[in-house]
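In what follows, every chain begins at residue 1, and chains take the letters A, B, ... in the order their sequences are listed.
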There are 2 protein chains.
Amino acid sequence: MERSTRQRSAIRQVLLDADRPLLATEVMDAAKLTVPSLGLATVYRTLKALVAQEDLQVVELPGENPRFEFAHSHHHHFSCQHCGRVYDIHACPGNIALLAPPEFVVESHELTLYGTCADCQEHPAAGN
Amino acid sequence: MERSTRQRSAIRQVLLDADRPLLATEVMDAAKLTVPSLGLATVYRTLKALVAQEDLQVVELPGENPRFEFAHSHHHHFSCQHCGRVYDIHACPGNIALLAPPEFVVESHELTLYGTCADCQEHPAAGN
DNA sequence: ATAAATGCAAAGCTTTTGCGGAAGT
DNA sequence: ACTTCCGCAAAAGCTTTGCATTTAT
């Protein structure tokens, strides 16, 4: 990640504009609007590099492909079972470490909520 | 899943004997001790069927292949960053639904702790 | 005897890698 | 100019699927 290229700027910008974690293909599609020639390999290479330097965070949900978002203050995720979107939850139960047996050292944790988002609550037929 | 076969019994038994979620390949290796001719496709087909009928639960951790365990009372997981083992945690913070915005309906949740297990605490050089 | 289940090998998908050409510094 | 980076296409790794054979009922 030594040089600044149109591809990298586009990929960064897509992720900065999003308020939720994106799939590699979502990043690809959005960034292609800016750089039509963009290849999927470049997207993956860039995402990997951004994760390596801890700019990006990976969000993995069961049965789904990994999503990516810019690392920001500690937060969790809400996955809507109707529209498939994943939202950030800016809250944390805290005291999580107490759940593990006393001999276990807890360094971090991850929490995912599943349910129906506000949108799908209002428009039951939409999304998906 | 209409018939009882040696392969299915072996696979079931392996998962019943384990006290932690297992990778498909771990199931394969262990079940092969009982049914040497066992093929990986059969393992996947059986796991899929057991998950479909909700006997098994899938445990997915970021960057790792899915693990499988018999569904039992609500619990969470602890992933040891040293030895890679995944443990069951029989505790839950509760009140999780309050973390989501009020318009969101929370139906379930999943929590994973990361850190060092008791074993790796004692034998820092082991595992991995 | 009949149909489901197995094992093998081929196909599918997402992600990674190799390489010649393009482009940033 | 010198390297890094890109895009393409091939490869890799896990999971699924097709098909002929085996096997439970």
Side-chain angles (χ1 to χ4, degrees), chain A residues 1-15 18 20-69 79 84-86, chain B residues 1-15 18 20-69 79 84-86:
Chain A
M1 295 288 281
E2 310 186 353
R3 294 180 185 177
S4 162
T5 66
R6 287 175 306 134
Q7 288 85 344
R8 289 180 181 166
S9 304
I11 291 169
R12 275 185 102 83
Q13 199 53 54
V14 164
L15 286 157
R20 59 188 182 85
L22 300 180
L23 298 166
T25 50
E26 290 179 317
V27 174
M28 171 79 171
D29 293 344
K32 260 196 157 154
L33 298 177
T34 307
V35 184
S37 70
L38 182 63
L40 190 50
T42 299
V43 173
Y44 276 111
R45 275 190 281 239
T46 304
L47 291 175
K48 191 168 206 184
L50 288 172
V51 169
Q53 63 188 48
E54 295 185 302
D55 282 359
L56 287 187
Q57 233 177 293
V58 184
V59 179
E60 292 224 32
L61 301 185
E64 308 199 24
N65 294 330
R67 291 175 167 82
F68 302 84
E69 71 181 343
S79 170
R85 274 175 294 194
V86 175
Chain B
M1 294 288 280
E2 310 185 353
R3 296 179 184 178
S4 162
T5 66
R6 287 176 305 134
Q7 289 84 343
R8 288 180 181 168
S9 304
I11 291 169
R12 275 187 101 84
Q13 199 54 53
V14 164
L15 287 157
R20 60 187 181 85
L22 300 180
L23 298 165
T25 51
E26 290 179 317
V27 173
M28 171 79 170
D29 293 344
K32 259 196 158 154
L33 298 177
T34 307
V35 185
S37 71
L38 182 63
L40 190 50
T42 298
V43 172
Y44 276 112
R45 276 188 283 239
T46 304
L47 291 175
K48 190 168 206 182
L50 289 172
V51 169
Q53 63 188 48
E54 295 184 302
D55 282 358
L56 287 187
Q57 233 176 293
V58 184
V59 179
E60 291 224 34
L61 301 186
E64 308 199 24
N65 295 330
R67 292 173 166 83
F68 303 84
E69 71 181 344
S79 170
R85 273 176 295 194
V86 175

Open item on the list: Output one letter per nucleotide in nucleotides 17-25 of chain D: B when a protein non-hydrogen atom lies under 4.0 Å from the base, S when only the sugar-phosphate is that close, - when neither is.
Closed with: BB----BBS
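One can place CG of B/Leu23 at 11 Å from C1' of D/dC14, the figure rounded to the nearest angstrom. Computed from coordinates, the A/Arg8 CZ to D/dT4 P distance equals 11 Å when rounded to whole Å. Here C/dC8 presents its C1' atom at 11 Å from CE of B/Met28, a figure rounded to the nearest Å. One can place CG of A/Asn65 at 15 Å from C1' of C/dT16, the figure rounded to the nearest angstrom. In this structure, CD of B/Glu64 is placed 12 Å from P of D/dC14, rounded to the nearest angstrom. One atom, CG of A/Leu40, and another, C1' of C/dT17, lie 13 Å apart when rounded to the nearest Å. In this structure, A/Leu47 atom CG and D/dC6 atom P are separated by 12 Å, rounded to whole Å. Put simply, CE on A/Met1 is 12 Å from P on C/dT25, counting in whole angstrom units.
Considering every non-hydrogen atom in both A/Leu50 and A/Met1, the closest pair reads CD2-CE, 3.7 Å.
Between the side chain of B/Gln7 and the backbone N or O of B/Leu38 there is no donor-acceptor pair closer than 3.5 Å.
Nearest-nucleotide assignment on DNA chain D puts the 5′-proximal partner with A/Thr42, out of B/Ala24 and A/Thr42. Mapping B/Thr25 and A/Val35 onto DNA chain D by nearest heavy atom places A/Val35 closer to the 5' end of the strand.
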